[in-house]
2 protein chains.
Amino acid sequence: MSVVLQRLEEALCASGRRLTMQRRLILKELAEADGHLDTVALCDRVRVGDPSISLATVYRTLTVLKELGLVEEHNLGQERSHYKVMLGDPHHHFVCLLCGKVIEFDTPLVAQIEQELSEREGISVVHTDLHATGYCADCSRAVD
Amino acid sequence: MSVVLQRLEEALCASGRRLTMQRRLILKELAEADGHLDTVALCDRVRVGDPSISLATVYRTLTVLKELGLVEEHNLGQERSHYKVMLGDPHHHFVCLLCGKVIEFDTPLVAQIEQELSEREGISVVHTDLHATGYCADCSRAVD
DNA sequence: GTCCATGCAAACTGTTTGCACGCGC
DNA sequence: GCGCGTGCAAACAGTTTGCATGGAC
């Protein structure tokens, strides 16, 4: 069992909520997903373990996880919301305007911006979210 | 008539689309709104000028404006999408978590990030939106 | 045994679309 | 006059919720 899954389960129990089989499966898939999952994709993967799990349960579990700050919801311009486990390094997103592909990246320049901003404005930056849009390599070629 | 409104109307005409009364009203409200507007707020304001304008028209017009790159859609975690006119220099936002104050800023580092990202991933970045949160100078002092 | 969590289906909300009419060009 | 743009209402998609049952504690 991965350490991420373990931490998710512990946090859920610590909040006084019950660790049901459905939640266990949902946490497992979230922990194993390396990228973002939307609600339907998550539900599909969870149903491999138990086909009777309903989409409503997935939504309710995600709501709980958001409340606990264990998971982050992103609206990247697509039809459905995407969710990602927040344990791990912060990162940013590039979304292709044509095919919707999401590329995650991180760069020390963001920290540099935060520092510059803090000094210039006398503010205290807690979190920075960078969202780039454009055309991915494949779609750039297709346009030519 | 503001220069922003004028540029919006010109851009719409230049794209070969018709400048109807409804679109005129929608562009006017978008140009006058200093902050972000969601679809319903925009429709309400437009209906002051003409109560018969439908929400569908607002959505259709916003879709056109998005296609032309005149307006940007933001999903800031709220129920509805927000839209903002994109004319003028690009800039980014810092929002104070306590008092809600918004500080607009720009930094060459963002362009640097775009370039780095383009080269590393082989992508073509069209637009980058940076959204920082934290505590403004006043609120930082209040917390101490 | 208590009561939270679930499955189901229906309700809800934001957004899109089909259609006939009307207006910009 | 042609054809895009509009209003209306219905359709749609994602998400939430009411209710009775079942399982975690």
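The sequence lines fix the lettering, A, B, ..., with proteins before strands; numbering per chain opens at 1. Scope of the values below: all heavy atoms of this structure, side chains included, with no hydrogens, waters or symmetry mates. Here the structure is a predicted model, which means the values were calculated and not measured.
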- [ ] Would you please name every residue forming a side chain to side chain donor-acceptor pair (under 3.5 Å) with B/Arg120, sequence neighbours left out?
- [x] B/Glu116
Task: A/Asp50: partners by side chain to side chain donor-acceptor pair (under 3.5 Å), with sequence neighbours left out - done: A/Ser52
TODO: Any chance you could measure A/Phe94, atom CZ, to A/His131, atom NE2, to the nearest 0.5 Å?
DONE: 9.0 Å
- [ ] Choose from C/dC8, D/dA9, C/dA5 the nucleotide whose nearest atom is closest to any side-chain atom of B/Ala56.
- [x] D/dA9
- [ ] Output yes when at least one side-chain N/O atom of B/Gln22 is less than 4.0 Å from OP1 or OP2 of C/dG24, else no.
- [x] no
TODO: Measure the distance from CD1 on B/Ile53 to C1' on C/dC23 and round it to the nearest whole Å.
DONE: 14 Å
Open item on the list: Can you measure A/Asp38 atom CG to D/dA13 atom P for me and round it to whole angstrom units?
Closed with: 15 Å
Task: Length of the line joining B/Glu9:CD and C/dG24:P, which is rounded to integer Å - done: 13 Å
Open item on the list: Rounding to an integer number of Å, can you tell me how far B/Leu55 CG sits from D/dG7 P?
Closed with: 11 Å
Open item on the list: Distance check needed: C/dG14 C1' versus B/Asp44 CG, whole Å only.
Closed with: 15 Å
Kindly give the atom pairs (protein nitrogen or oxygen, nucleotide nitrogen or oxygen) under 3.5 Å for nucleotides 22-25 of chain D.
from: D/dG23; atom 1: N2; to: A/Arg18; atom 2: NH1; distance (Å): 2.8
from: D/dC25; atom 1: OP1; to: A/Leu19; atom 2: N; distance (Å): 3.1

Task: Euclidean distance, atom CG of residue B/Leu62 to atom P of C/dT16 [Å, nearest integer] - done: 10 Å
Open item on the list: Distance check, rounded to the nearest 0.5 Å: B/Leu117 atom CG versus A/Thr107 atom OG1?
Closed with: 8.5 Å
Task: OG-CZ distance between A/Ser54 and A/Arg47, expressed to the nearest 0.5 angstrom - done: 7.0 Å
Open item on the list: Does B/Arg60 contact D/dG7 through a side-chain donor or acceptor facing the base, at a distance under 3.5 Å?
Closed with: yes
- [ ] Can you measure from CG (B/Leu37) to SG (B/Cys43) and round to the nearest 0.5 angstrom?
- [x] 11.5 Å
Task: Spacing between A/Arg47 atom CZ and C/dG7 atom C1', to the nearest angstrom - done: 10 Å
Open item on the list: Let me confirm one number: the CG-CG distance from B/Leu62 to B/Leu70, rounded to the nearest 0.5 Å.
Closed with: 11.0 Å
TODO: Calculate the interatomic distance between B/Arg23 atom CZ and D/dG7 atom C1'; express it in whole Å.
DONE: 14 Å
